[in-house]
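These figures come from a predicted structure and were not determined experimentally. Naming: A, B, ... by sequence-line order, numbering from 1 per chain.
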2 protein chains.
Amino acid sequence: MKNLTKSRSEFAELLGRTAQAFGLTPSVGQIYGLLYLSAEPLSLDEIAESLDLSKASASIGTRQLESLHAVQVSSKNADRRDYWEARLEPQEVLQKMMSTVLAPRLANAHDRLEGLLERMEAEKNSGELSNSAFTVCQQRIQQLITKTNQFKTWLPLIERFVK
Amino acid sequence: MKNLTKSRSEFAELLGRTAQAFGLTPSVGQIYGLLYLSAEPLSLDEIAESLDLSKASASIGTRQLESLHAVQVSSKNADRRDYWEARLEPQEVLQKMMSTVLAPRLANAHDRLEGLLERMEAEKNSGELSNSAFTVCQQRIQQLITKTNQFKTWLPLIERFVK
DNA sequence: AGTGGGGTTTAGAAAATTCTGAACGTAGTC
DNA sequence: GACTACGTTCAGAATTTTCTAAACCCCACT
(Lines give C-alpha, C1' and ligand atoms only; values in the text may rest on other atoms or scores of the structure.)
Protein backbone atom coordinates (compact mmCIF):
# COMPACT_ATOMS: atom_id res chain seq x y z
CA MET A 1 0.00 0.00 0.00
CA LYS A 2 1.63 3.11 -1.23
CA ASN A 3 0.88 6.57 -0.20
CA LEU A 4 -0.45 5.75 3.26
CA THR A 5 1.19 5.85 6.65
CA LYS A 6 1.74 2.53 8.35
CA SER A 7 -1.14 2.98 10.71
CA ARG A 8 -3.62 4.07 8.08
CA SER A 9 -2.95 0.99 6.01
CA GLU A 10 -3.14 -1.10 9.14
CA PHE A 11 -6.55 0.37 9.81
CA ALA A 12 -7.61 -0.52 6.28
CA GLU A 13 -6.46 -4.08 6.77
CA LEU A 14 -8.30 -4.32 10.06
CA LEU A 15 -11.48 -3.29 8.33
CA GLY A 16 -10.69 -5.74 5.57
CA ARG A 17 -10.78 -8.61 8.01
CA THR A 18 -13.85 -7.21 9.70
CA ALA A 19 -15.63 -7.09 6.38
CA GLN A 20 -14.88 -10.75 5.87
CA ALA A 21 -16.60 -11.52 9.13
CA PHE A 22 -19.69 -9.94 7.62
CA GLY A 23 -19.48 -11.95 4.44
CA LEU A 24 -17.98 -9.16 2.37
CA THR A 25 -14.65 -9.27 0.59
CA PRO A 26 -11.53 -7.88 2.24
CA SER A 27 -11.02 -5.26 -0.44
CA VAL A 28 -14.47 -3.82 0.26
CA GLY A 29 -13.57 -3.41 3.90
CA GLN A 30 -10.20 -1.91 3.03
CA ILE A 31 -11.82 0.65 0.80
CA TYR A 32 -14.21 1.66 3.52
CA GLY A 33 -11.34 1.86 5.97
CA LEU A 34 -9.37 4.07 3.63
CA LEU A 35 -12.27 6.42 3.04
CA TYR A 36 -13.25 6.45 6.69
CA LEU A 37 -9.96 8.09 7.64
CA SER A 38 -9.73 10.33 4.62
CA ALA A 39 -10.32 14.05 5.07
CA GLU A 40 -11.42 14.49 1.47
CA PRO A 41 -13.26 12.30 -1.03
CA LEU A 42 -11.02 10.13 -3.19
CA SER A 43 -11.15 9.13 -6.83
CA LEU A 44 -11.13 5.52 -8.01
CA ASP A 45 -7.53 5.78 -9.07
CA GLU A 46 -6.48 7.19 -5.75
CA ILE A 47 -8.26 4.36 -3.99
CA ALA A 48 -6.66 1.70 -6.18
CA GLU A 49 -3.26 3.33 -5.83
CA SER A 50 -3.42 3.75 -2.07
CA LEU A 51 -4.58 0.22 -1.39
CA ASP A 52 -2.56 -1.41 -4.13
CA LEU A 53 -5.68 -2.77 -5.78
CA SER A 54 -6.66 -2.94 -9.41
CA LYS A 55 -9.08 -0.33 -10.64
CA ALA A 56 -11.50 -3.16 -11.31
CA SER A 57 -11.59 -4.15 -7.67
CA ALA A 58 -11.88 -0.56 -6.60
CA SER A 59 -14.83 -0.06 -8.92
CA ILE A 60 -16.66 -3.16 -7.77
CA GLY A 61 -15.90 -2.42 -4.15
CA THR A 62 -17.09 1.16 -4.16
CA ARG A 63 -20.31 0.21 -5.95
CA GLN A 64 -21.00 -2.49 -3.41
CA LEU A 65 -20.34 -0.11 -0.55
CA GLU A 66 -22.66 2.35 -2.18
CA SER A 67 -25.43 -0.23 -2.33
CA LEU A 68 -24.87 -0.79 1.38
CA HIS A 69 -25.11 2.95 1.99
CA ALA A 70 -21.64 2.87 3.47
CA VAL A 71 -20.18 5.39 1.07
CA GLN A 72 -21.43 8.05 -1.26
CA VAL A 73 -20.20 9.35 -4.56
CA SER A 74 -20.00 12.93 -5.73
CA SER A 75 -18.28 14.81 -8.49
CA LYS A 76 -16.10 17.84 -8.27
CA ASN A 77 -17.13 20.09 -11.10
CA ALA A 78 -14.76 20.48 -14.02
CA ASP A 79 -13.55 16.94 -13.37
CA ARG A 80 -15.32 13.93 -14.67
CA ARG A 81 -13.94 11.62 -12.07
CA ASP A 82 -16.18 10.18 -9.36
CA TYR A 83 -15.18 11.09 -5.85
CA TRP A 84 -15.98 8.75 -3.02
CA GLU A 85 -16.37 9.41 0.64
CA ALA A 86 -17.36 7.27 3.60
CA ARG A 87 -20.54 7.79 5.49
CA LEU A 88 -19.26 8.23 8.98
CA GLU A 89 -22.01 6.48 10.93
CA PRO A 90 -21.02 2.83 11.13
CA GLN A 91 -24.20 2.13 13.08
CA GLU A 92 -26.32 3.14 10.13
CA VAL A 93 -24.25 1.00 7.84
CA LEU A 94 -24.82 -1.91 10.18
CA GLN A 95 -28.50 -1.17 10.38
CA LYS A 96 -28.76 -1.06 6.64
CA MET A 97 -26.94 -4.34 6.37
CA MET A 98 -29.33 -5.93 8.80
CA SER A 99 -32.36 -4.90 6.81
CA THR A 100 -30.93 -5.45 3.35
CA VAL A 101 -28.87 -8.58 3.98
CA LEU A 102 -30.01 -10.31 7.15
CA ALA A 103 -33.75 -9.85 6.83
CA PRO A 104 -34.06 -11.26 3.32
CA ARG A 105 -31.92 -14.22 4.28
CA LEU A 106 -34.13 -14.89 7.25
CA ALA A 107 -37.20 -14.78 5.06
CA ASN A 108 -35.55 -17.12 2.62
CA ALA A 109 -34.58 -19.56 5.35
CA HIS A 110 -38.12 -19.49 6.63
CA ASP A 111 -39.55 -20.38 3.23
CA ARG A 112 -37.07 -23.18 2.73
CA LEU A 113 -37.95 -24.69 6.07
CA GLU A 114 -41.64 -24.61 5.23
CA GLY A 115 -40.96 -26.29 1.90
CA LEU A 116 -38.82 -28.88 3.61
CA LEU A 117 -41.59 -29.79 6.00
CA GLU A 118 -43.93 -30.45 3.10
CA ARG A 119 -41.45 -32.62 1.27
CA MET A 120 -40.76 -34.56 4.44
CA GLU A 121 -44.42 -35.32 4.78
CA ALA A 122 -44.34 -36.67 1.24
CA GLU A 123 -41.32 -38.80 2.14
CA LYS A 124 -43.18 -40.15 5.12
CA ASN A 125 -46.15 -41.09 2.95
CA SER A 126 -43.95 -42.78 0.40
CA GLY A 127 -42.30 -44.79 3.15
CA GLU A 128 -38.80 -43.31 2.66
CA LEU A 129 -38.98 -41.84 6.13
CA SER A 130 -40.30 -43.86 9.02
CA ASN A 131 -43.17 -42.43 10.99
CA SER A 132 -41.14 -42.01 14.14
CA ALA A 133 -38.26 -40.31 12.29
CA PHE A 134 -40.72 -37.98 10.65
CA THR A 135 -42.25 -37.03 13.97
CA VAL A 136 -38.86 -36.04 15.32
CA CYS A 137 -37.97 -34.04 12.23
CA GLN A 138 -41.31 -32.31 12.05
CA GLN A 139 -41.20 -31.27 15.66
CA ARG A 140 -37.67 -29.92 15.47
CA ILE A 141 -38.10 -28.07 12.23
CA GLN A 142 -41.30 -26.58 13.53
CA GLN A 143 -39.39 -25.31 16.53
CA LEU A 144 -36.85 -23.74 14.21
CA ILE A 145 -39.58 -22.03 12.21
CA THR A 146 -41.05 -20.61 15.36
CA LYS A 147 -37.66 -19.26 16.38
CA THR A 148 -37.00 -17.60 13.07
CA ASN A 149 -40.40 -15.96 13.33
CA GLN A 150 -39.58 -14.65 16.77
CA PHE A 151 -36.27 -13.37 15.56
CA LYS A 152 -37.93 -11.59 12.68
CA THR A 153 -40.03 -9.73 15.23
CA TRP A 154 -37.03 -8.74 17.27
CA LEU A 155 -34.91 -7.59 14.40
CA PRO A 156 -36.32 -4.05 14.15
CA LEU A 157 -35.92 -3.71 17.89
CA ILE A 158 -32.30 -4.76 17.77
CA GLU A 159 -31.74 -2.37 14.88
CA ARG A 160 -32.94 0.51 16.99
CA PHE A 161 -30.61 -0.54 19.77
CA VAL A 162 -27.61 -0.64 17.55
CA LYS A 163 -28.33 2.72 16.09
CA MET B 1 -24.87 -38.00 0.84
CA LYS B 2 -25.79 -41.59 1.33
CA ASN B 3 -28.20 -42.91 3.80
CA LEU B 4 -30.33 -39.78 4.14
CA THR B 5 -33.60 -38.83 2.55
CA LYS B 6 -33.51 -35.98 0.07
CA SER B 7 -34.98 -33.49 2.46
CA ARG B 8 -32.71 -34.38 5.34
CA SER B 9 -29.62 -33.83 3.26
CA GLU B 10 -31.15 -30.63 1.96
CA PHE B 11 -31.58 -29.48 5.53
CA ALA B 12 -27.95 -30.29 6.21
CA GLU B 13 -26.87 -28.26 3.22
CA LEU B 14 -29.03 -25.36 4.30
CA LEU B 15 -27.30 -25.34 7.65
CA GLY B 16 -23.99 -25.65 5.86
CA ARG B 17 -24.57 -22.38 4.11
CA THR B 18 -25.92 -20.80 7.26
CA ALA B 19 -22.78 -21.78 9.09
CA GLN B 20 -20.69 -20.03 6.47
CA ALA B 21 -22.62 -16.84 7.16
CA PHE B 22 -21.37 -17.14 10.72
CA GLY B 23 -17.79 -17.66 9.69
CA LEU B 24 -17.84 -21.41 10.23
CA THR B 25 -17.12 -24.02 7.59
CA PRO B 26 -19.95 -25.63 5.65
CA SER B 27 -19.16 -29.08 6.96
CA VAL B 28 -19.58 -27.88 10.53
CA GLY B 29 -23.05 -26.63 9.69
CA GLN B 30 -23.90 -29.82 7.85
CA ILE B 31 -22.93 -31.91 10.83
CA TYR B 32 -25.09 -29.84 13.12
CA GLY B 33 -27.96 -30.13 10.63
CA LEU B 34 -27.59 -33.87 10.50
CA LEU B 35 -27.55 -34.27 14.25
CA TYR B 36 -30.34 -31.78 14.74
CA LEU B 37 -32.78 -34.03 12.87
CA SER B 38 -31.43 -37.29 14.20
CA ALA B 39 -33.51 -39.19 16.73
CA GLU B 40 -30.46 -40.89 18.25
CA PRO B 41 -26.85 -39.87 18.75
CA LEU B 42 -24.53 -40.79 15.88
CA SER B 43 -20.97 -42.05 15.78
CA LEU B 44 -18.20 -40.31 13.89
CA ASP B 45 -18.30 -42.92 11.15
CA GLU B 46 -22.04 -42.56 10.76
CA ILE B 47 -21.67 -38.81 10.44
CA ALA B 48 -18.93 -39.08 7.84
CA GLU B 49 -20.84 -41.73 5.92
CA SER B 50 -24.15 -39.86 5.95
CA LEU B 51 -22.68 -36.54 4.84
CA ASP B 52 -20.08 -38.01 2.53
CA LEU B 53 -17.27 -36.43 4.49
CA SER B 54 -13.94 -37.79 5.55
CA LYS B 55 -13.61 -38.94 9.13
CA ALA B 56 -11.05 -36.20 9.57
CA SER B 57 -13.55 -33.49 8.75
CA ALA B 58 -16.16 -35.13 10.91
CA SER B 59 -13.75 -35.23 13.81
CA ILE B 60 -12.70 -31.61 13.47
CA GLY B 61 -16.26 -30.50 12.92
CA THR B 62 -17.74 -32.26 15.91
CA ARG B 63 -15.01 -30.95 18.18
CA GLN B 64 -15.59 -27.44 17.01
CA LEU B 65 -19.33 -27.78 17.53
CA GLU B 66 -18.61 -29.11 20.98
CA SER B 67 -16.52 -26.07 21.82
CA LEU B 68 -19.46 -23.93 20.71
CA HIS B 69 -21.76 -25.97 22.95
CA ALA B 70 -23.80 -26.88 19.91
CA VAL B 71 -23.44 -30.62 20.35
CA GLN B 72 -22.52 -33.00 23.10
CA VAL B 73 -20.74 -36.30 23.12
CA SER B 74 -21.60 -39.41 25.09
CA SER B 75 -20.66 -43.06 24.99
CA LYS B 76 -22.87 -46.08 24.89
CA ASN B 77 -21.37 -48.54 27.27
CA ALA B 78 -19.68 -51.58 25.81
CA ASP B 79 -18.78 -49.53 22.77
CA ARG B 80 -15.77 -47.28 22.67
CA ARG B 81 -17.13 -45.09 19.96
CA ASP B 82 -18.16 -41.52 20.73
CA TYR B 83 -21.77 -40.74 20.09
CA TRP B 84 -22.75 -37.21 19.16
CA GLU B 85 -26.04 -35.47 19.52
CA ALA B 86 -27.18 -31.93 18.87
CA ARG B 87 -28.20 -29.59 21.57
CA LEU B 88 -31.66 -28.63 20.45
CA GLU B 89 -31.74 -25.00 21.54
CA PRO B 90 -30.32 -22.97 18.67
CA GLN B 91 -30.78 -19.82 20.71
CA GLU B 92 -28.32 -21.03 23.29
CA VAL B 93 -25.88 -21.96 20.57
CA LEU B 94 -26.21 -18.46 19.19
CA GLN B 95 -25.80 -16.94 22.61
CA LYS B 96 -22.71 -18.99 23.23
CA MET B 97 -21.30 -17.90 19.90
CA MET B 98 -21.87 -14.30 20.76
CA SER B 99 -20.02 -14.56 24.02
CA THR B 100 -17.24 -16.86 22.84
CA VAL B 101 -16.69 -15.51 19.34
CA LEU B 102 -18.13 -12.03 19.01
CA ALA B 103 -17.15 -10.62 22.38
CA PRO B 104 -13.46 -11.54 22.17
CA ARG B 105 -13.28 -10.14 18.67
CA LEU B 106 -14.81 -6.91 19.84
CA ALA B 107 -12.32 -6.70 22.65
CA ASN B 108 -9.53 -7.38 20.22
CA ALA B 109 -10.75 -4.73 17.80
CA HIS B 110 -10.95 -2.27 20.66
CA ASP B 111 -7.35 -2.89 21.66
CA ARG B 112 -6.13 -2.60 18.13
CA LEU B 113 -7.87 0.72 17.70
CA GLU B 114 -6.31 2.04 20.87
CA GLY B 115 -2.90 0.93 19.70
CA LEU B 116 -3.49 2.52 16.35
CA LEU B 117 -4.29 5.85 17.92
CA GLU B 118 -1.00 5.81 19.76
CA ARG B 119 1.00 4.97 16.68
CA MET B 120 -0.77 7.69 14.75
CA GLU B 121 0.24 10.20 17.33
CA ALA B 122 3.80 9.08 16.85
CA GLU B 123 3.42 9.48 13.09
CA LYS B 124 2.11 12.97 13.62
CA ASN B 125 5.09 13.87 15.75
CA SER B 126 7.52 12.45 13.25
CA GLY B 127 5.85 14.47 10.52
CA GLU B 128 4.68 11.50 8.47
CA LEU B 129 1.10 12.55 9.10
CA SER B 130 0.09 16.17 8.83
CA ASN B 131 -1.54 17.78 11.81
CA SER B 132 -4.85 18.24 10.07
CA ALA B 133 -4.92 14.68 8.78
CA PHE B 134 -4.14 13.43 12.26
CA THR B 135 -6.98 15.43 13.73
CA VAL B 136 -9.45 13.84 11.35
CA CYS B 137 -8.15 10.33 12.00
CA GLN B 138 -8.06 10.77 15.74
CA GLN B 139 -11.58 12.05 15.87
CA ARG B 140 -13.01 9.29 13.72
CA ILE B 141 -11.18 6.46 15.39
CA GLN B 142 -12.20 7.83 18.74
CA GLN B 143 -15.79 7.73 17.59
CA LEU B 144 -15.33 4.11 16.56
CA ILE B 145 -13.87 3.24 19.95
CA THR B 146 -16.82 4.83 21.65
CA LYS B 147 -19.21 2.82 19.50
CA THR B 148 -17.50 -0.48 20.19
CA ASN B 149 -17.71 0.31 23.87
CA GLN B 150 -21.40 0.97 23.60
CA PHE B 151 -21.89 -2.22 21.69
CA LYS B 152 -20.02 -4.15 24.33
CA THR B 153 -22.53 -2.87 26.85
CA TRP B 154 -25.47 -3.89 24.74
CA LEU B 155 -24.23 -7.33 23.91
CA PRO B 156 -25.48 -9.05 27.07
CA LEU B 157 -28.81 -7.37 26.55
CA ILE B 158 -29.10 -8.61 23.01
CA GLU B 159 -28.08 -12.05 24.14
CA ARG B 160 -31.00 -12.11 26.56
CA PHE B 161 -33.33 -11.06 23.79
CA VAL B 162 -32.23 -13.77 21.46
CA LYS B 163 -32.57 -16.45 24.09
C1' DA C 1 3.62 -57.27 24.55
C1' DG C 2 0.81 -57.53 20.33
C1' DT C 3 -3.40 -56.50 17.82
C1' DG C 4 -7.42 -54.01 16.29
C1' DG C 5 -10.71 -50.47 16.51
C1' DG C 6 -11.34 -46.01 17.67
C1' DG C 7 -10.04 -40.62 17.30
C1' DT C 8 -6.64 -37.01 15.93
C1' DT C 9 -3.13 -34.61 13.28
C1' DT C 10 -1.18 -32.72 9.28
C1' DA C 11 0.77 -32.09 4.62
C1' DG C 12 -0.93 -31.15 0.64
C1' DA C 13 -5.03 -31.82 -2.86
C1' DA C 14 -9.32 -29.83 -4.25
C1' DA C 15 -12.55 -26.33 -4.33
C1' DA C 16 -14.14 -21.81 -3.73
C1' DT C 17 -13.37 -17.10 -3.49
C1' DT C 18 -11.22 -12.89 -4.69
C1' DC C 19 -8.64 -10.16 -7.60
C1' DT C 20 -6.64 -8.58 -12.01
C1' DG C 21 -5.56 -7.31 -16.88
C1' DA C 22 -7.34 -6.42 -20.99
C1' DA C 23 -11.09 -5.28 -23.79
C1' DC C 24 -15.08 -2.48 -23.97
C1' DG C 25 -18.56 1.35 -23.71
C1' DT C 26 -19.36 6.13 -23.12
C1' DA C 27 -19.15 10.98 -22.69
C1' DG C 28 -16.79 15.12 -23.01
C1' DT C 29 -13.11 17.86 -25.94
C1' DC C 30 -10.73 19.49 -29.64
C1' DG D 1 -15.87 12.56 -35.86
C1' DA D 2 -11.42 11.03 -33.92
C1' DC D 3 -9.16 11.25 -29.24
C1' DT D 4 -8.82 10.84 -24.51
C1' DA D 5 -10.01 9.97 -19.81
C1' DC D 6 -12.90 7.69 -17.22
C1' DG D 7 -15.80 3.58 -15.21
C1' DT D 8 -17.35 -1.18 -16.04
C1' DT D 9 -17.27 -6.03 -17.37
C1' DC D 10 -15.56 -10.58 -17.53
C1' DA D 11 -12.51 -14.59 -18.41
C1' DG D 12 -9.23 -16.63 -16.07
C1' DA D 13 -5.05 -16.10 -12.65
C1' DA D 14 -3.88 -16.01 -7.91
C1' DT D 15 -4.94 -16.71 -3.41
C1' DT D 16 -7.36 -18.48 0.41
C1' DT D 17 -10.21 -21.74 2.48
C1' DT D 18 -11.79 -26.26 3.13
C1' DC D 19 -11.36 -31.03 2.88
C1' DT D 20 -8.98 -35.48 2.55
C1' DA D 21 -5.81 -39.50 2.80
C1' DA D 22 -2.45 -41.42 5.26
C1' DA D 23 0.28 -41.77 9.17
C1' DC D 24 -0.16 -41.66 13.92
C1' DC D 25 -1.42 -42.20 18.83
C1' DC D 26 -3.88 -44.37 22.42
C1' DC D 27 -6.42 -47.54 24.95
C1' DA D 28 -8.85 -52.00 25.61
C1' DC D 29 -8.67 -56.60 25.02
C1' DT D 30 -6.24 -60.96 24.46
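In the hydrophobic clustering of this structure, B:Val136 does not group with B:Ile145; members are Ile, Leu, Val, Met, Phe, Trp, Tyr whose side-chain heavy atoms approach within less than 4.5 Å, directly or through other members.
Residues A:Thr62 and A:Val73 have side chains not in contact (no heavy-atom distance under 4.5 Å, counting atoms from C-beta outward).
For A:Arg17, the salt bridge (charged side-chain N to carboxylate O under 4.0 Å, His left out) criterion is met by no residue, not counting sequence neighbours. The salt bridge (charged side-chain N to carboxylate O under 4.0 Å, His left out) test applied to B:Glu85 returns no partner, not counting sequence neighbours. Applying the salt bridge (charged side-chain N to carboxylate O under 4.0 Å, His left out) rule to B:Glu128 yields no partners; only residues at least two apart in sequence or on another chain are considered. By the side chain to side chain donor-acceptor pair (under 3.5 Å) test, A:Ser59 is found to be paired with no residue, residues two or more places apart in sequence or in another chain being considered. With sequence neighbours excluded, the residues satisfying side chain to side chain donor-acceptor pair (under 3.5 Å) with B:Ser132 are B:Ser130. Listed by chain and residue number, A:Asp79 satisfy the side chain to side chain donor-acceptor pair (under 3.5 Å) test with A:Arg81 (two or more places apart in sequence, or in another chain).
The OG atom of A:Ser27 sits 9.0 Å away from atom CG of A:Leu51, with the distance rounded to the nearest 0.5 Å.
Summarising the geometry, the separation between CD on B:Gln20 and C1' on C:dA15 is reported as 11 Å, rounded to the nearest angstrom. Atom CD1 in A:Ile31 sits roughly 11 Å away from atom C1' in C:dC19 (whole-Å rounding). Between the C1' atom of C:dT8 and the CG atom of B:Asp45 lies a distance of 13 Å, rounded to the nearest Å. Taking atom CG of B:Asp82 as the reference point, atom P of C:dG5 lies 17 Å away to the nearest angstrom.
Contact footprint of chain B on DNA chain D: nucleotides with an atom under 4.0 Å from a non-hydrogen protein atom, first to last in 5' to 3' order, D:dT18 to D:dA21.
Contact annotation: B:Ser59 does not reach the phosphate of C:dG7 (side-chain N/O to OP1 or OP2, under 4.0 Å).
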Just the atom pairs and distances: protein N or O near nucleotides 24-30 of chain C's N or O, under 3.5 Å.
none

Please list, for nucleotides 20-23 of chain C, all pairs of protein and nucleotide N/O atoms separated by less than 3.5 Å.
residue: C:dT20; atom: OP2; partner: A:Ser54; partner atom: N; Å: 2.9
residue: C:dT20; atom: OP2; partner: A:Ser54; partner atom: OG; Å: 3.1
residue: C:dT20; atom: OP2; partner: A:Ser57; partner atom: OG; Å: 2.9

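Between the side chain of B:Ser9 and the backbone N or O of B:Lys6 there is at least one donor-acceptor pair closer than 3.5 Å.
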Using atom types as modelled, flag every donor-acceptor pair under 3.5 Å from a side chain in residues 36-44 of chain A to any protein atom, sequence neighbours excluded.
residue: A:Tyr36; atom: OH; partner: B:Arg140; partner atom: O; Å: 3.1
residue: A:Tyr36; atom: OH; partner: B:Gln143; partner atom: OE1; Å: 3.3
residue: A:Ser38; atom: OG; partner: A:Glu40; partner atom: O; Å: 2.6
residue: A:Ser43; atom: OG; partner: A:Glu46; partner atom: N; Å: 3.2
residue: A:Ser43; atom: OG; partner: A:Glu46; partner atom: OE1; Å: 3.4

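Near DNA chain C, meaning a heavy atom under 4.0 Å from it, residues 63-72 of chain A has no residue at all.
Evaluation of the side chain to side chain donor-acceptor pair (under 3.5 Å) test over residues 102-119 of chain B, restricted to residues two or more places apart or in two chains, returns A:Glu10-B:Arg119, B:His110-B:Asn149.
Among the atoms of the strands shown, only primed sugar atoms or phosphate atoms (P, OP1, OP2) are found under 4.0 Å from some heavy atom of A:Ser27.
Surrounding NZ of B:Lys124 are more than 12 heavy atoms belonging to other residues, nucleotides or ligands, all under 6.0 Å away.
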